[in-house]
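Below is one structure; the comments refer to it alone.
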Amino acid sequence: MAISARVHLLFLTISMAFFSLSFAEIRFSQIRNDDRPIIPLDEFGFTPKGRLELNVSAISLSPEKSGSDLSYVGFFLCTRESWTHVFQDLEDRQIQCVLMSEMVKKVLNFGSLDKALGGKRIDTVYNETDADQYTLLFANCLEGVKVSMNVRSAMYNLDGKDNVRDYLSAGKTVLPRVYFFFSLIYFALAGIWIFVLYKKRLTVFRIHFFMLAVVILKALNLLCEAEDKSYIKRTGSAHGWDVLFYIFSFLKGITLFTLIVLIGTGWSFLKPYLQDKEKKVLMIVIPLQVIANIAQVVIDESGPYGHDWFTWKQVFLLVDVICCCAVLFPIVWSIKNLREAAKTDGKAAVNLMKLTLFRQYYIVVICYIYFTRVVFFALETITSYRYLWTSVVASELATFAFYAFTGYKFKPEAHNPYFVIDDEEEEAAAEALKLEDEFEL
Ligand SMILES: *[C@@H]1O[C@H](CO)[C@@H](O)[C@H](O)[C@H]1NC(C)=O
Ligand SMILES: *[C@@H]1O[C@H](CO)[C@@H](O)[C@H](O)[C@H]1NC(C)=O
């Protein structure tokens with residue numbers, strides 16, 4: 001094998017090991033003059049009643065060598081585990097072509113076509129009865145031959161007695177319900193928040209209305225995601241709801257990061273204005289969120305093996321890491337300011353109390369970011385394909401805990417500890433601090 005082909009295969013092996021994103025919409029791929037030995041197309045988790053529908057049209061090979069065996073060109077399904085074995089066999093030259101391996105499930109090859117392929121089409125339905133997570137790949141073992149074709153692939157499981165088609169991968173088929181459930185929780189949270197704002201209307205700040213907007217956007221985002229996933233489940237395509245989903249994701253992303261920055265700066269709690277450097281953080285985070293959302297759309301729409309998938313995935317991860325780091329700065333500045341203030345003015349205990357709150361907030365933001373990024377990714381990689389929904393549940397629970405903590409700690413209060421002014425309350429704060437000193441962070 002040529003070096004580039006080996007690098008390509010190795011890269012494929014790695015991405016198969018780490019990204020288990022079965023999108024499982026009906027997918028259309030146009031392949032033009034492609035001489036890659038292996039072309040990955042899609043991934044899907046099958047139940048014992050799985051089906052793969054493949055429609056290949058406008059097939060042409062160039063140059064059309066006479067005498068070459070077209071049964072070495074075709075589609076196959078392969079689990080990740082068997083792929084590692086096949087890869088090893090190819091490396092050791094035990095087999096010349098992937099399609100010779102016993103470890104892969106051959107779906108269709110071009111051997112049945114006669115010469116003069118031009119414009120030919122093949123349609124087939126393949127029954128997959130061994131439940132597992134499979135990748136659909138195309139192999140072309142003819143050296144120097146370029147393939148062009150249009151491929152429509154639809155993978156689904158048949159459900160229940162009526163054999164209804166379910167286009168969501170085995171571990172994701174409950175996701176519409178999961179998202180719907182969480183959206184109800186957030187609508188309830190929004191209701192509770194409105195009630196709190198009404199009860200404590202004399203001590204409400206602008207930031208509290210902003211928090212309400214963030215919760216409502218989160219609820220709408222989840223509702224659209226539920227509807228989007230349920231539409232894909234029924235029809236295999238995502239028309240209409242995906243656009244709404246992206247719009248709300250975008251608004252939710254921007255407002256959530258803005259909220260973390262605003263709370264971190266103490267805006268409207270501690271001071272009615274933003275400093276220049278704090279505004280700069282917002283000016284970095286908001287445009288980056290726009291880029292992150294564009295990247296997310298491209299990633300979702302192009303599928304795990306689309307042309308630019310990997311580039312956009314990297315862009316997304318990079319932008320996300322920058323945003324996550326940037327939102328921590330205002331909190332750190334606030335902590336620093338409070339610490340200095342505690343030394344200089346008379347209200348030391350009150351300042352220290354605020355300080356404790358901001359330290360807690362800092363740690364909670366880090367935990368939230370860590371959990372929804374790193375732990376989520378780890379869970380998604382290690383859980384079996386059948387339980388992929390559990391990582392979504394874990395990540396949504398962590399997100400909910402974060403929203404609940406933020407709401408609880410920064411709720412409007414008559415006896416707002418951040419605004420205590422008289423000596424009595426200063427004493428009370430000092431008392432409370434003595435206790436907390438023993439558990440100092
Ligand atoms: C694809 O092939 C299957 C199996 O032959 C067939 O039932 C289906 O109608 C075809 N779909 C299209 C869009 O051609
Ligand atoms: C696939 O299953 C259907 C029934 O569910 C059956 O009619 C068809 O013959 C099977 N196809 C193959 C290739 O086994």
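Just follow the structure's listing: the first ligand is 1, and inside any ligand the first atom is 1.
- The contact set between ligand 1 and Arg121, taken as ligand atoms under 4.0 Å from a residue heavy atom, comprises 14 (O).
- For residues 185-195, there are no side chain to side chain donor-acceptor pair (under 3.5 Å) pairs, not counting sequence neighbours.
- In terms of the disulfide (SG to SG under 2.5 Å) criterion, Cys323 has no residue partners (sequence neighbours excluded).
- With ligand atoms numbered from 1 in the order given, ligand 1 contributes 1 (C), 2 (O), 3 (C), 8 (C), 10 (C), 11 (N), 12 (C), 14 (O) to contacts under 4.0 Å with heavy atoms of Asn55.
- Residues meeting the side chain to side chain contact (heavy atoms under 4.5 Å, CB included) test with Tyr246, sequence neighbours left out: Asp242, Val297, Asp300, Glu301.
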Atom pairs, nitrogen or oxygen, ligand 2 to protein, under 3.5 angstrom:
from: ligand 2; atom 1: 2 (O); to: Arg51; atom 2: NH2; distance (Å): 3.3
from: ligand 2; atom 1: 2 (O); to: Asn127; atom 2: ND2; distance (Å): 2.4
from: ligand 2; atom 1: 5 (O); to: Arg51; atom 2: NH2; distance (Å): 2.6
from: ligand 2; atom 1: 11 (N); to: Asn127; atom 2: ND2; distance (Å): 2.9
from: ligand 2; atom 1: 14 (O); to: Asn127; atom 2: ND2; distance (Å): 3.4

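- In Phe405, the CZ atom is crowded: over 12 heavy atoms of neighbouring residues, nucleotides or ligands sit closer than 6.0 Å.
- Judged purely by distance below 3.5 Å, without hydrogens or angles, the side chains of Asp42 and Ser153 never pair a donor atom with an acceptor atom.
- Other residues, nucleotides and ligands contribute at most 12 non-hydrogen atoms within 6.0 Å of the NZ atom of Lys336.
- Taking the centre of each ring, Phe410 and Tyr361 come in below the 6.0 Å mark.
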